[in-house]
**Q** 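The following block contains the structure, expressed as structure tokens.
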Amino acid sequence: MKLTRRGFLLSPCVLLGNRLLEHLTTPLNKWASPVRLAASQAPAGGTAPESPVIYLDVAEQAGVTQVNVWGGVTHKDYIIEAKGSGYAFFDYDQDGWLDIYLSNGTRLDAHWPPGETPHTYLLKNNRDGTFTDVTEKAGLACEGWQTGVCVGDYDNDGWDDLFLTFWGHNILFHNNGNGTFTDVTRKAGLYQDEVRWGSGCCFLDYDRDSHLDLFVANYIVLDIAKVPKPGQTAYCQWKGIPVMCGPRGLPGGMNILFHNNGDGTFTDVSEKAGILKPGPRYSITPVSYDFDNDGWPDIYVAVDSEASILFHNNHDGTFSDIGVMAGVAYNEDGQEQAGMGVAVADYDCDGWFDIFKTNFSDDTSDLYHNNGDGTFTDVTFVSGVGLNTLYVKWGCGFIDYDNDGWADILEVNGHVYPEVDAAHLDQTFKEPRVVYHNVGNGRFKDVSKEMGPGVTERYSSRGAAFGDYLNNGCMDALVLNMNARPSLLKNVGGNRQNWIKLKLLGAQCNRTAIGARAYVTTGKHRQMEEVHSGGSVMSQSDLRLHFGVGHATHADLIEVKWPTTWKIERFTNIEANQIVTIKEGSGIIKAEKVRA
């Protein structure tokens, strides 16, 4: 039996820089292999919550009003003005509540009055639904085109540090543990004289030596003086409209892997580790997970307008790009796509991590199902996530928004060409968000219109971070909106079903416990997740692991597999609706009961 895409005729499009689709109709695709876990094995009440869940944008009430500045508002001459950046949810002061980091940009032709130059922000969680700007005290007011962000405790001192990418020079901020940060980029050996356009980043312990290494994606080698003007070449037009040029026609960047030397410094091992072998790519967002369950972290990179990358960890300090062989470099028709964002989860609870990737307009996002044999199957259409082709798709996350035990998908969108509004096409610069509800049988349903104004409101969005900033068991979202204030999407109703949240602390492994894997079992339903850095679009989400458990009042079994040692710790009969802190080798050191 076969499916056809003829119901989704793709008009010619240009992917983030005018890449024309190679055809209008694509060949028939094949049905995916059957999903391994039936919906009947979900927790009680798993697929039919008693009350609807909606998202409300509460940014104004929460004090998250800092306006993003990123290039021209009504017209963009260069691709740097359209790309945008990421945000972060992370607990910088270790008080158990998620704080907010906001990146920012600038304008190419701007001359800012003293004191008014756009800069980045750190907002402290007041534990009452509001935030306070502590940027100046923290020392985190950075200027320039600040693009990506990732978090990890690189020196194992118990405080999560902040790595920021720029079009310019990246910065590593050491968390001093007293509410302040220090720029240690040069001291750590991470400063490079060459101007690069850094995009996403992620910390990982690729050699399992208990010290976090750092992967940095680079997008384009951008020299404004050498870039053609809008409309000047074939790469500077979109559907007959003169637009900014790129990425096609511009040189791609080279990704970098830094090895942590264990003494507070890093060494560039990109060539030795095989990271340079794929050559220049328009890389945007990396994320690290153990995709083949061999105990070693791999790296997936969403790439714009070219083949995406899956770096398999060879266990000897090197990586091999197996993206094409594994089936995650292209779509099922063998086409390059404009990969932007990436989310990872075991969405069907079969014990293997799957991949969701966002792409440009006139194309779908991709859902790659892990076959458990080193390959993936593109199940975009059979799963139900292939419906939306109008939007330019960016930040994304697998989040169980209704706590039914199945990972749903939230995707944020926004066009790159402001000029599209005057062209009277079927697309607009500002676009709504998309939510796919996981119905528990390997399929998803688009429920966007039912999810409230926080989803249906239109912005040109980019980065998105996900987490529970109220500590009430609901998965919320923080979204970057181009040349506007952020959206803080509060989940209302998600905690009508039960949940368990795990905060993992490493002892023998890295202190952030990046790479640690947790399993939560309720009845016959077994979920898993890994602590990870980076993802979405150039963003950082909550490092805590969230599991919806439906109507179950307890987790029958929680298992934690620690990186470095591979040791597994098990805990039985753990009460739901708690934030449970587990320290490697010490067991549960804190269990905080939370009232909705």
**Q** Atom OG1 in Thr267, atom CG in Leu257: separation rounded to 0.5 Å?
**A**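 Between atom OG1 of Thr267 and atom CG of Leu257 there are 10.5 Å.
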**Q** Is Arg186 close enough and on-axis enough to Tyr191, meaning under 6.0 Å and within 45°, for cation-pi?
**A**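 Here Arg186 passes the 6.0 Å and 45° test against Tyr191.
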**Q** Should Arg485 and Glu60 count as an ion pair when the cut-off is N to O under 4.0 Å?
**A**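 Result for this pair is yes, salt bridge flagged.
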**Q** Under 3.5 Å, is there a donor-acceptor pair between the Ser199 and Thr147 side chains?
**A**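 There is no such pair between these side chains.
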**Q** Please work out whether the ring planes of Tyr206 and Phe319 are parallel, tilted or perpendicular, with thresholds of 30° and 60°.
**A**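 Tilted: the ring planes of Tyr206 and Phe319 meet at 30° to 60°.
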**Q** My understanding is that only one of Trp70, Tyr219, Trp197 makes a ring-ring contact (aromatic ring centres under 6.0 Å, His included) with Trp145; could you say which?
**A**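 Among Trp70, Tyr219, Trp197, the one that satisfies the ring-ring contact (aromatic ring centres under 6.0 Å, His included) with Trp145 is Trp70.
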**Q** Under a 4.0 Å N-O cut-off, is there an ion pair linking Lys357 with Asp366?
**A**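 A salt bridge links Lys357 with Asp366.
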**Q** So, the side chain of Asp321 versus the backbone of Leu310: is there a donor-acceptor pair under 3.5 Å, distance only?
**A**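 Confirmed, Asp321 side chain pairs with Leu310 backbone.
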**Q** Do you know which two heavy atoms are closest between Pro453 and Leu56, and how far apart they sit?
**A**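 Looks like CG-CD2, 3.7 Å.
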**Q** Say whether, by atom type as modelled, one donor and one acceptor occur between the side chain of Thr185 and the main chain of Leu172 under 3.5 angstrom.
**A**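 At least one qualifying donor-acceptor pair exists.
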**Q** Hey, what's the ring geometry for Phe356 with Phe398, parallel, tilted or perpendicular (30° and 60° as the breaks)?
**A**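 The rings of Phe356 and Phe398 stand perpendicular, inter-plane angle above 60°.
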**Q** Can you see which heavy atom on Ser487 is nearest to which on Arg433, and at what distance?
**A**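 Minimum heavy-atom contact is OG-NH2, 3.2 Å.
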**Q** Using only atom types and a distance under 3.5 Å, with no angle test, would you say the side chain of Asp408 pairs donor to acceptor with the backbone of Tyr401?
**A**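 Yes: the side chain of Asp408 pairs with the backbone of Tyr401.
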**Q** For the residue pair Arg458 and Thr428, establish whether any side-chain heavy-atom pair is separated by less than 4.5 Å.
**A**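 A side-chain contact under 4.5 Å exists here.
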**Q** Where do Phe376 and Phe353 come nearest, in terms of heavy atoms and distance?
**A**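 Taking every non-hydrogen atom into account, CE2-O, 3.5 Å.
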**Q** So Val479 and Tyr459, do their side chains get closer than 4.5 Å, heavy atoms only?
**A**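 They are not in side-chain contact.
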**Q** Can you tell whether the side chains of Lys83 and Asp304 come within less than 4.0 Å, N to carboxylate O?
**A**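 A salt bridge is absent here (no side-chain N lies under 4.0 Å from a carboxylate O).
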**Q** Regarding Arg248 and Glu336, does a basic nitrogen lie under 4.0 Å from an acidic carboxylate oxygen?
**A**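 Between Glu336 and Arg248 there is a salt bridge, with a charged N closer than 4.0 Å to a carboxylate O.
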**Q** Among side-chain atoms of Arg462 and Asn413, is any donor-acceptor pair under 3.5 angstrom?
**A**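 The answer is no; no qualifying pair exists.
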**Q** So, the side chain of Ser533 versus the backbone of Phe203: is there a donor-acceptor pair under 3.5 Å, distance only?
**A**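 Indeed, once roles are kept as given, a pair shorter than 3.5 Å links the two residues.
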**Q** Counting N and O atoms only, with roles assigned by atom type, does the side chain of Asn438 sit under 3.5 Å from a partner on the main chain of Ala407, one being a donor and the other an acceptor?
**A**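 Looks like yes, one N/O pair under 3.5 Å.
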**Q** On a heavy-atom basis, which atom in Ser383 and which in Leu367 lie closest, and how many Å separate them?
**A**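 Reported closest heavy-atom pair: OG-CD2, 3.5 Å.
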**Q** How long is the span from the CZ atom in Phe466 to the CG atom in Asp476, to the nearest 0.5 Å?
**A**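 Rounded to the nearest 0.5 Å, the CZ-CG separation comes out at 11.0 Å.
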**Q** Taking the side chain from Asp426 and the backbone from Leu390, do they hold a donor-acceptor pair closer than 3.5 Å?
**A**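 No, the answer is negative, given that no donor and acceptor are paired below the 3.5 Å cut-off.
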**Q** Return the CG to CG distance between Asn331 and Asp378, rounded to the nearest 0.5 Å.
**A**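 Reported to 0.5 Å precision, the distance equals 6.5 Å.
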**Q** Given Tyr92, which partner from the list Asp160, Leu123, Leu122 fulfils the side-chain contact (heavy atoms from CB on, under 4.5 Å) test?
**A**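 Exactly one option meets the side-chain contact (heavy atoms from CB on, under 4.5 Å) with Tyr92, and it is Leu122.
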**Q** Rounded at 0.5 Å granularity, tell me how far CG in Leu164 sits from CZ in Phe181.
**A**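 Here the rounded value is 9.5 Å.
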**Q** Would you say Cys236 and Cys245 have SG atoms less than 2.5 angstrom apart?
**A**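 Answer is yes: Cys245 pairs with Cys236 in a disulfide.
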**Q** Are Trp394 and His415 near enough that their ring centres are under 6.0 Å apart?
**A**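 For Trp394 and His415, the ring centres are not under 6.0 Å apart.
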**Q** Pairing donors with acceptors under 3.5 angstrom, does anything connect the side chains of Gln146 and Thr120?
**A**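 The answer is no; no qualifying pair exists.
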**Q** Return yes if some donor-acceptor pair links the side-chain N/O of Glu81 with the main-chain N/O of Gly72 below 3.5 Å, else return no.
**A**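 Such a contact is found between Glu81 side chain and Gly72 backbone.
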